[in-house]
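Because the structure is a prediction, the values reported are computed rather than measured.
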Amino acid sequence: MKQAIVIFGSTGNLMFKKLIPALDRLLNQERLDPDARIYCVARRDWTFDDYVEHAKEEVDKQVDWTRLTARMTYIKLDIDCQNDYDQLQDTMAKDGIDDAMVYLAVPPQLFPAIAKGVSQAGIVTKGDEHARIVFEKPFGEDLASAKEINRDLWQYFDESQIYRIDHYLGKEMIQNILIVRFANKIFEDSWNHDTIEDVYIIAKEEEGVMTRGGYYDEIGALKDMLQSHLLQMASLVAMEKPDTYSSEDIKNEKVKVFQDIKIRPKDVILGQYDGYLDAVKVAADSTTETFVFAEASINNDRWKGVPFYFLTGKKLDEKRSEIIVNFKNDNGARSLWPDTYKPKNQLIIKVAPDDGVKFQFNVKEPGLSDNIVPAELDYCHSCHSLENTPEAYEKLLLDLINKNRTLFTRWDEIESTWRIVEQLKEKLDKPHTYSSYAQMKQLISTRFGEDFDDL
Ligand SMILES: NC(=O)c1ccc[n+]([C@@H]2O[C@H](COP(=O)([O-])OP(=O)(O)OC[C@H]3O[C@@H](n4cnc5c(N)ncnc54)[C@H](OP(=O)(O)O)[C@@H]3O)[C@@H](O)[C@H]2O)c1
């Protein structure tokens with residue numbers, strides 16, 4: 001079969017920063033067919049040479065341009081013109097393509113028009129197991145628009161042909177969560193409200209919105225981060241053991257978690273960084289949040305009474321994505337060492353920029369005393385990789401090629417996560433302006449009456 005990846009939005013940031021480097025690495029590892037074609041689709045009236053020249057300026061990773069460009073074709077296409085899709089299909093037919101992957105790296109408002117165009121042109125035909133279509137996040141702007149988009153998609157494609165991307169799921173340590181849990185009885189046996197005190201899901205960024213103000217101002221941190229990445233991480237931490245390690249069984253368990261998650265509006269604090277309103281394409285009076293802290297509960301037997309804390313934001317003190325699981329104190333041990341027992345058992349799954357697993361436990365202080373001190377087992381994931389650990393998009397593109405759907409989200413996951421965010425809508429206070437992370441942390445501590453040392 002002759003493969004093709006057709007990328008709409010080929011002049012965008014995602015194409016240049018993520019997809020081209022990922023395709024280059026897949027070619028380097030001979031994971032793409034040697035004669036696979038890459039159709040770069042966009043609206044600009046450019047020649048192939050114009051496109052390549054622009055791409056070379058925008059791509060900031062080392063890639064083999066000779067190898068890449070030998071496979072690439074630039075296609076100018078007006079997304080509202082059916083004739084353009086028909087011509088694209090003709091080109092693909094002439095090239096002998098019979099395994100087509102269409103990737104929509106465009107804003108979600110364009111999904112319906114492009115879905116219709118590629119369907120009517122026969123580029124992706126309903127029921128054709130060798131044709132699939134990929135949608136970037138965010139899938140919709142709210143529950144209503146997500147449902148509308150989805151209704152359209154189901155008209156043109158089978159669910160099995162639809163791949164919805166949440167690129168966090170392609171990160172090595174996110175894929176590792178289920179292994180750390182279910183392949184280690186030592187953890188899984190204590191993975192419940194008897195032993196776990198609380199869980200933190202953190203995704204902090206140092207950068208602001210930079211050039212993406214137009215997109216971000218319409219979305220905000222609740223929808224950009226909580227609805228997708230953070231809730232996806234929480235579902236992997238909280239889900240029950242799936243019957244099998246198959247995509248459908250894993251998704252079935254994740255959806256049950258989403259249905260049990262509750263966030264009360266009074267347990268949410270929003271922030272907006274000082275200077276956000278000056279960013280390009282941000283409305284001068286915008287109330288879009290760039291920071292979210294939320295306490296959630298998961299209403300099932302396993303997680304009764306265990307708070308899940310979510311924290312994400314831009315312009316914070318550091319770039320750090322991780323999951324922290326704090327275990328309960330053993331009060332029995334305190335009676336043995338009443339003076340020095342300062343218990344802390346903590347498991348940290350580090351996602352970015354470092355990746356690995358850290359476990360903190362208690363040991364005797366070296367020397368003559370019986371003092372108890374904390375110690376750490378710290379595993380670095382990328383240090384143990386023989387080659388560079390794959391970037392999320394490299395893994396996701398490979399899974400797309402191999403029709404492995406585990407790391408792509410199913411419609412009911414999208415629907416239930418939108419519901420969680422939606423029920424908060426309009427019930428939240430306006431964001432607090434912050435000029436430092438310390439300010440938001442202080443606010444959280446005051447509101448919740450806790451220090452939150454791990455944040
Ligand atoms: N960038 C990332 O790292 C990233 C990460 C996760 C998800 N995503 C998602 O991926 C999608 C693309 O993101 P991006 O950062 O690449 O955005 P971007 O830089 O704004 O690029 C958007 C692409 O869509 C095209 N486009 C926009 N409006 C169009 C229209 N009306 N008709 C035809 N083409 C149109 C643009 O063409 P022009 O160049 O001609 O304007 C460009 O090729 C978004 O849904 C985003 O949320 C991006």
Side-chain angles (χ1 to χ4, degrees), residues 3-29 31-32 34-81 83-85 87-92 94-95 97 100-111 113-114 117-118 121 123 133-138 165 167 170 207-218 279-282 391-394 396-397 400-401:
Q3 284 171 346
I5 301 184
V6 184
I7 304 172
F8 286 79
S10 280
T11 50
N13 178 282
L14 183 68
M15 179 66 170
F16 295 135
K17 303 300 178 223
K18 304 288 182 191
L19 299 180
I20 286 188
L23 286 167
D24 178 65
R25 284 180 56 143
L26 289 173
L27 282 168
N28 189 33
Q29 297 158 37
R31 305 266 194 183
L32 276 179
D35 55 354
R37 300 295 314 162
I38 302 166
Y39 297 99
C40 306
V41 181
R43 60 180 163 178
R44 300 192 194 185
D45 198 3
W46 278 352
T47 62
F48 179 68
D49 289 344
D50 294 336
Y51 181 72
V52 173
E53 192 185 329
H54 185 75
K56 283 181 177 170
E57 282 164 19
E58 293 293 325
V59 174
D60 47 19
K61 298 234 166 76
Q62 192 70 37
V63 300
D64 181 339
W65 284 108
T66 309
R67 185 178 54 201
L68 256 177
T69 51
R71 283 165 182 76
M72 280 160 78
T73 307
Y74 179 74
I75 306 273
K76 178 188 176 297
L77 179 146
D78 173 352
I79 60 159
D80 296 317
C81 175
N83 193 37
D84 284 5
Y85 294 93
Q87 281 185 15
L88 170 60
Q89 165 63 354
D90 285 348
T91 306
M92 292 170 67
K94 277 191 202 118
D95 289 345
I97 304 301
M101 292 157 265
V102 174
Y103 195 120
L104 272 59
V106 293
Q109 311 86 278
L110 307 185
F111 291 177
I114 299 175
V118 297
I123 297 168
I133 185 157
V134 187
F135 298 91
E136 261 298 337
K137 80 164 258 284
I165 282 202
H167 66 269
E207 290 169 340
V209 288
M210 298 190 291
T211 54
R212 303 191 73 216
Y215 157 76
Y216 195 86
D217 205 38
E218 298 286 319
V280 180
K281 294 194 188 156
V282 167
E391 294 275 342
Y393 277 98
E394 190 183 335
L396 293 168
L397 283 173
L400 170 70
I401 293 165

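Summarising the geometry, atom CD1 belonging to I5 is positioned 7.5 Å from atom CG belonging to L26; distances are rounded to the nearest 0.5 Å. Taken from OG1 in T91 to OH in Y39, the straight-line distance is 7.0 Å, to the nearest 0.5 Å. Atom CG of L14 is separated from atom CD1 of I7 by 8.5 Å, given to the nearest 0.5 angstrom. Rounded to the nearest 0.5 Å, atoms CG (D84) and CZ (R43) are 13.5 Å apart. Atom CG of N83 is separated from atom CG of D80 by 13.5 Å, given to the nearest 0.5 angstrom. Of the inter-residue distances, the one linking I165 atom CD1 with Y103 atom OH reads 3.0 Å to the nearest 0.5 angstrom.
M92 and A100 get closest at one heavy-atom pair: CE-CB, 3.8 Å. Closest non-hydrogen pair, Y85 versus I114, comes out as OH-CA, 3.5 Å.
N28 places a side-chain heavy atom less than 4.5 Å from the side chain of R67. Counting heavy atoms from C-beta outward, L104 and I133 have side chains that approach closer than 4.5 Å. Residues M15 and C40 have side chains in contact (heavy-atom distance under 4.5 Å, counting atoms from C-beta outward). Side-chain contact between D24 and W65 is absent, with no heavy atoms from C-beta onward closer than 4.5 Å.
Applying the ring-ring contact (aromatic ring centres under 6.0 Å, His included) test to F8 and every residue at least two apart in sequence or in another chain returns nothing.
Sorted by first and then second residue, the side chain to side chain donor-acceptor pair (under 3.5 Å) pairs involving residues 48-58 (not counting sequence neighbours) are T47-D50. The list of side chain to side chain donor-acceptor pair (under 3.5 Å) pairs with a residue in residues 68-79, not counting sequence neighbours, reads R37-T73.
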